[in-house]
Protein chains: 2
Amino acid sequence: MRQGVSRQRLTELEGAALGHVLRAGACTPYAIKETFRTSPARFWSGSAGAVYPLVRRLVARGLLVAKPDKRDGRARRFVSATPAGRTAWLAWLVDADRAADFGFDPLRTRLFYSELVPPRRLRAFLAETAGILAAGTRAPQSELPHVPVLHAVWARLRASALAEFAETMDKKPRRRGRG
Amino acid sequence: MRQGVSRQRLTELEGAALGHVLRAGACTPYAIKETFRTSPARFWSGSAGAVYPLVRRLVARGLLVAKPDKRDGRARRFVSATPAGRTAWLAWLVDADRAADFGFDPLRTRLFYSELVPPRRLRAFLAETAGILAAGTRAPQSELPHVPVLHAVWARLRASALAEFAETMDKKPRRRGRG
DNA sequence: TAACCCATGTAATATGTTACATGATTTT
DNA sequence: AAAATCATGTAACATATTACATGGGTTA
C-alpha cells in the first residue's frame, strides 16, 4: 500500500530533480547531484547520500527510467522522465498554494527576532549582510536567459527588504521611545 | 566527544526556538510548538516529534534549563535560556553568511523551471499565485510592531518579484522568438 | 457529559548530512 | 606518475514527519 504506482505529491527536492532531468534530457544522477551542489543556494547540499536514494525512489515510483550505459569503460546510468514523471512534475510545479508559501529565508528568520539583539550588534549584522547581498555572490551561469534574471530579481528583493526593514527600525527606535 | 558542553552551531529551527524562549521568557515546549504550528510559514510544521526532542537537546547542551511546575494539576515544564544559551543564540543570529543565503523559496524554485511549463498553464499558475500573495493570507498577529511589518514587506516583495518575472517572460516569449 | 484544548511524549518511518569506499578516466 | 574529476554507492548518524497514546482541565 502507501504507493500503488506513483501516489503522493513530490517534495521540493524531488520536484527540482525531476525539473533538471526534464530540462537536460537523459542525464546521470551524478549530474543532478552536481547541479545542486554547485547551485548558489546552499540550502540543498547536493550530497550523494541524498540524490542517489532520491533517484532510486523516483525510478521505483515510475517517474524516472534508468538505462545503464557502458560505452566508455565507466559504469553509468542515464535517467530520463517518463510521461507519468512529467505529469507528476507539472502537478507539483503549478501548485499555487505551495508556491505562495514563504518557505524558509534565513534573513527573515533572523529579522523576526531582531528586537532582542543589542542595537550595535544588530547594525553591524545588517551592514555585513547587506554587503554580501550587494556583492551578489555566486550568480549561476546558464545558457537559459531567465536563470540569471531570476537570481538577480531575488537578490535585489532580499537586499531591498533588508534596507526597508532597517529603515523602519530607525524610525521607531526600540526602547526609550516616548510613546 | 562531539559536544563537550555547548559545541556546534545552532540549526535554524534551534535558533528560532531559542529566540522564542528569549522573547517570551519561561515557557512550555508546548508553547514553542504552537508558535511554529500557527506561524504563517508552513515550512516548519511545529510537530511535537520535532519540538520536544529539540528542547531536550538544548537542555542537554546547557542552552536551556527546565523547571517542572505542578501548581495546576497539570504536569508542565517551563524552559528558559541560560547565559550560554543567549550567547549561542546571538552567535547564530549575527551569522551574516547564513543570513545572506537564499534559503528556500517554493516560488523561486518553480520559476526556475518555468520555461518547461506550457504557456497557458504557466500564466494560470502565476495568476493564481499572485492572487494568494496579494490576499496576504495568514498574517501573524503580534504585540511586537515589527512582526507584521516583516510579514508585509516579504509578502509585497515576493508579489512584485513574481510580477517582474512574469513581465520579463512576456517581453521575451519562449520559443518562436525572432531573434 | 461530550467535545475540545492544554500538555506531555513515543513509535515507525522518511529523508537528509557527513564521511567513507571504490574504481575508471582525464588532466597536470 | 600524481592529482583531480567523473561516477557510483553505502554506513552511521541526525533530524523531521505523521500518527498514536495518555491524561488533566475547560467549555458547550
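Just so we're on the same page: letters track the sequence lines, and every chain starts at 1.
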Query raised in the report: Distance under 6.0 Å and angle within 45° of the ring axis: does A:Arg120 meet both against A:Phe125?
Result: no
Query raised in the report: Per the end-axis method with five pairs at each terminus, what is the bend angle of the helix from C:dT1-D:dA28 to C:dT28-D:dA1, to 10°?
Result: 30°
Requested in this report: Indicate whether OP1 or OP2 belonging to C:dT10 is found under 4.0 Å from a side-chain N or O atom of B:Arg56.
Outcome: yes
Requested in this report: Round to the nearest Å and state the distance from A:Leu13 atom CG to D:dA16 atom P.
Outcome: 16 Å
Query raised in the report: How far apart are the C-alpha atoms of B:Leu162 and B:Leu126, what are their side-chain angles, what is the distance that settles it, and do they pass the side-chain contact (heavy atoms from CB on, under 4.5 Å) test?
Result: CA-CA 8 Å; B:Leu162 175 55; B:Leu126 295 177; 3.3 Å; yes
Query raised in the report: Between atom OH in A:Tyr30 and atom C1' in D:dA4, what is the gap in whole Å?
Result: 10 Å
Query raised in the report: Quick one: which of C:dT15, D:dA7, D:dA16 gets closest to the side chain of A:Tyr52?
Result: D:dA7
Query raised in the report: Can you tell me how far P of C:dG9 sits from CD1 of B:Ile32, to the nearest Å?
Result: 12 Å
Report task. Decide whether a cation-pi geometry holds between A:Arg42 and B:Phe102; the criteria are a distance under 6.0 Å from NZ or CZ to the six-membered ring centre and an angle within 45° of the ring axis. Result -> no
Query raised in the report: Using a cut-off of less than 4.0 Å, is there contact between a side-chain N or O of B:Arg76 and OP1 or OP2 of C:dC6?
Result: no
Query - Electrostatic pair B:Arg9-B:Asp95, nearest N-O below 4.0 angstrom - result: yes
Requested in this report: Nearest whole angstrom, please: distance from the P of D:dT10 to the CG of A:Leu54.
Outcome: 14 Å
**Report entry** B:Arg57 side-chain proximity, nearest of D:dT15, C:dT8, C:dG16
**Finding:** D:dT15
Query - Donor-acceptor pair between B:Glu12 and B:Trp92 side chains, under 3.5 angstrom - result: yes
Query raised in the report: So what does B:Ala50 hit on the nucleic acid, given a heavy-atom distance under 4.0 Å: a base, only sugar-phosphate, or nothing?
Result: base
Query raised in the report: Checking all strands, does A:Pro29 fall into the base, sugar-phosphate, or nothing category for heavy-atom contacts under 4.0 angstrom?
Result: sugar-phosphate
Query raised in the report: With sequence neighbours excluded, what pairs up with A:Phe165 under the ring pair (Phe, Tyr, Trp, His ring centres under 6.0 Å) test?
Result: none
**Report entry** Under-4.0 Å salt bridge between A:Arg57 and A:Glu14
**Finding:** yes
**Report entry** Atom pair distance, as rounded to whole Å: CG in B:Asp69 and P in C:dT8
**Finding:** 10 Å
Requested in this report: Look at all strands and tell whether A:Ala75 reaches a base, only sugar-phosphate, or nothing, counting heavy atoms closer than 4.0 Å.
Outcome: sugar-phosphate
Dump the pairs, protein N or O against N or O of nucleotides 21-24 of chain D, anything under 3.5 Å, distances to one decimal.
from	atom 1	to	atom 2	distance (Å)
D:dG24	N2	B:Arg74	NH2	3.2

**Report entry** Lys/Arg N to Asp/Glu carboxylate O, B:Arg158 vs B:Asp105, below 4.0 Å
**Finding:** yes
Requested in this report: State whether B:Glu128 and B:Arg123 are salt-bridged, where the test is any N-O pair (Lys NZ or Arg NE/NH1/NH2 against Asp/Glu carboxylate O) under 4.0 Å.
Outcome: no
Report task. Taking only the side-chain nitrogens and oxygens of B:Ser47, find out if one of them lies under 4.0 Å from OP1 or OP2 of D:dA16. Result -> no
**Report entry** Euclidean distance, atom CZ of residue B:Phe104 to atom C1' of D:dA16 [Å, nearest integer]
**Finding:** 14 Å
Report summary line: Taken to the nearest whole Å, CZ/A:Arg42 to C1'/C:dT17 is 16 Å
Report task. Would you kindly give the NZ-to-P distance between B:Lys33 and C:dC6, to the nearest whole Å? Result -> 9 Å
Query - Over all atoms of both residues, closest heavy-atom pair of A:Thr82 and A:Gly62 - result: OG1-O, 2.7 Å
